[in-house]
Amino acid sequence: MKRRHGCLHRLFLLAVIAAALAGFWYFENNVIQVEEFSLISSRLPAAFDGFRVAVVADLHGRSFGPEGEALVEAVRRAEPDLIALDGDIADEHSDPAAAARLAGRLAEIAPAYYVTGNHEWVMDDLPGFLAQLEAAGVTVLHNEFYLLTRDGQSIVAAGVDDPNGPYDQKTPAQLVSEIRAACGDPYILMLAHRNDQLDLWASLEVDAVLAGHGHGGVIRLPFVGGLIGTDRRLFPDYTAGLYRQGRTNLLVSRGLGYTGLPLRLFNRPHLPVLVLRAGS
């Protein structure tokens with residue numbers, strides 16, 4: 001009887017451990033982390049103090065429940081003034097129509113601006129996907145900019161296509177030059193999928209850049225950070241959070257989806273919210 005009791009006890013412990021591991025795996029891969037970052041700048045017009053930007057990056061076609069309900073609700077609770085759809089919203093393996101419908105639901109919450117990531121450029125019908133996004137109410141930024149105005153003051157929202165796009169596309173330097181030729185020296189909020197171009201944006205003195213691409217290093221080690229870079233090197237830079245160089249600030253999302261193996265460890269799906277603050 002003692003042996004049987006001991007065997008049942010061990011089976012119970014194994015079941016508890018298995019359930020705990022399954023719960024942890026589900027939590028790490030499916031429960032969205034909303035993380036707020038404040039960015040203070042003396043260059044930000046006072047009318048935009050408190051302006052909130054939700055960054056939706058690297059979905060890779062994931063939905064987070066029927067019709068993306070969990071993601072839509074997380075974005076709604078963040079109360080954004082602008083939603084940055086920061087590339088790889090869909091990819092070559094996902095359903096572009098479903099991704100466009102989800103983007104359209106987000107655009108009902110706040111104005112949504114989209115730039116391509118590297119994976120969209122290998123989709124079978126990228127022009128068709130972009131048309132679906134625009135039909136759903138999303139503004140697609142092809143190396144373009146828009147003036148956002150509040151109480152007579154303005155900032156610029158701009159976006160660059162991913163380098164996987166056409167070889168002869170407009171360069172970031174050309175876009176920033178166009179912005180300054182048209183608007184003087186405005187506060188620039190730039191959507192740019194790649195997370196490894198801080199030197200470039202700092203040289204152009206762009207105020208705030210929103211990026212993704214790195215998936216947070218896929219696996220994050222406590223006190224160390226991301227483990228695997230997009231170039232398969234270990235311990236990459238710029239995998240999550242806010243970075244500064246000169247007057248340029250780079251906010252990097254850890255992303256929401258997968259590319260390749262469905263694996264996220266100590267790296268929950270990430271919904272960063274940038275709050276712009278006017279001040280010194």
Side-chain angles (χ1 to χ4, degrees), residues 37 39 53-61 83-92 99 113-123 126 129-130 133 140-145 156-177 179 188-218 220 225-260 267 269-272 274:
F37 298 87
L39 178 54
V53 183
V55 183
V56 176
D58 299 288
L59 259 174
H60 289 274
I83 299 169
L85 299 171
D86 216 4
D88 286 356
I89 302 305
D91 63 22
E92 65 273 32
Y113 291 80
Y114 163 88
V115 293
T116 56
N118 53 305
H119 278 269
E120 278 109 344
W121 287 101
V122 294
M123 292 170 60
L126 176 58
F129 175 56
L130 300 181
L133 287 175
V140 175
L141 295 171
H142 281 304
N143 304 304
E144 296 172 294
F145 68 93
V156 164
V160 291
D161 273 322
D162 187 82
N164 262 19
Y167 76 93
D168 58 348
Q169 67 179 314
K170 187 184 300 178
T171 67
Q174 289 171 326
L175 175 59
V176 172
S177 179
I179 292 170
I188 299 175
L189 179 68
M190 181 70 69
L191 280 67
H193 179 66
R194 303 275 177 148
N195 63 320
D196 56 0
Q197 297 183 324
L198 179 55
D199 288 347
L200 167 65
W201 297 115
S203 72
L204 298 173
E205 295 190 315
V206 170
D207 297 279
V209 182
L210 309 175
H213 185 58
H215 290 241
V218 183
R220 295 188 67 78
L227 179 62
I228 305 169
T230 54
D231 55 4
R232 302 300 183 261
R233 288 191 294 182
L234 295 177
F235 308 115
D237 295 323
Y238 310 124
T239 58
L242 197 58
Y243 304 89
R244 183 179 180 89
Q245 185 174 320
R247 84 179 196 189
T248 299
N249 294 270
L250 170 69
L251 177 63
V252 179
S253 168
R254 300 195 315 267
L256 290 151
Y258 309 113
T259 176
N267 183 23
H270 194 209
L271 178 68
L274 183 65

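The residues of the chain are indexed from 1 along the displayed sequence. Since the structure is predicted, the reported quantities are computational estimates derived from the model, not experimental observations.
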Which heavy-atom pair separates [X] from [Y] by the least distance, and what is that distance?
X    : Y    : answer
L175 : V160 : CD2-CG1, 3.6 Å
L210 : A84  : CD1-CB, 3.7 Å
L198 : T248 : CD1-CG2, 4.0 Å
P163 : Q169 : CA-NE2, 4.0 Å

Parallel under 30°, tilted from 30 to 60°, perpendicular over 60°: which one fits the rings of H213 and H193?
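Perpendicular: the ring planes of H213 and H193 meet at over 60°.
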Which residues pass the salt bridge (charged side-chain N to carboxylate O under 4.0 Å, His left out) test with R232, not counting sequence neighbours?
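Applying salt bridge (charged side-chain N to carboxylate O under 4.0 Å, His left out) to R232 gives none.
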Applying salt bridge (charged side-chain N to carboxylate O under 4.0 Å, His left out), name anything that partners D91, two or more places apart in sequence or on another chain.
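Testing D91 for salt bridge (charged side-chain N to carboxylate O under 4.0 Å, His left out), a comparison that skips the adjacent residues, returns none.
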If we only count heavy atoms from C-beta on, is the L227 to L234 side-chain gap below 4.5 Å?
yes
Has R244 got a side-chain atom pairing as donor or acceptor with G246's backbone, closer than 3.5 angstrom?
yes
Taking side-chain contact (heavy atoms from CB on, under 4.5 Å) as the criterion, tell me which of I89, L141, L191 meets it with Y114.
I89
Answer yes when R233 and D231 have at least one side-chain N-carboxylate O distance shorter than 4.0 Å, and no when they do not.
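Looking at D231 together with R233, the answer is yes, because their closest N to O distance falls below 4.0 Å.
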For a quick check under 3.5 Å, do T116 and D161 share a side-chain donor-acceptor pair by atom type?
yes
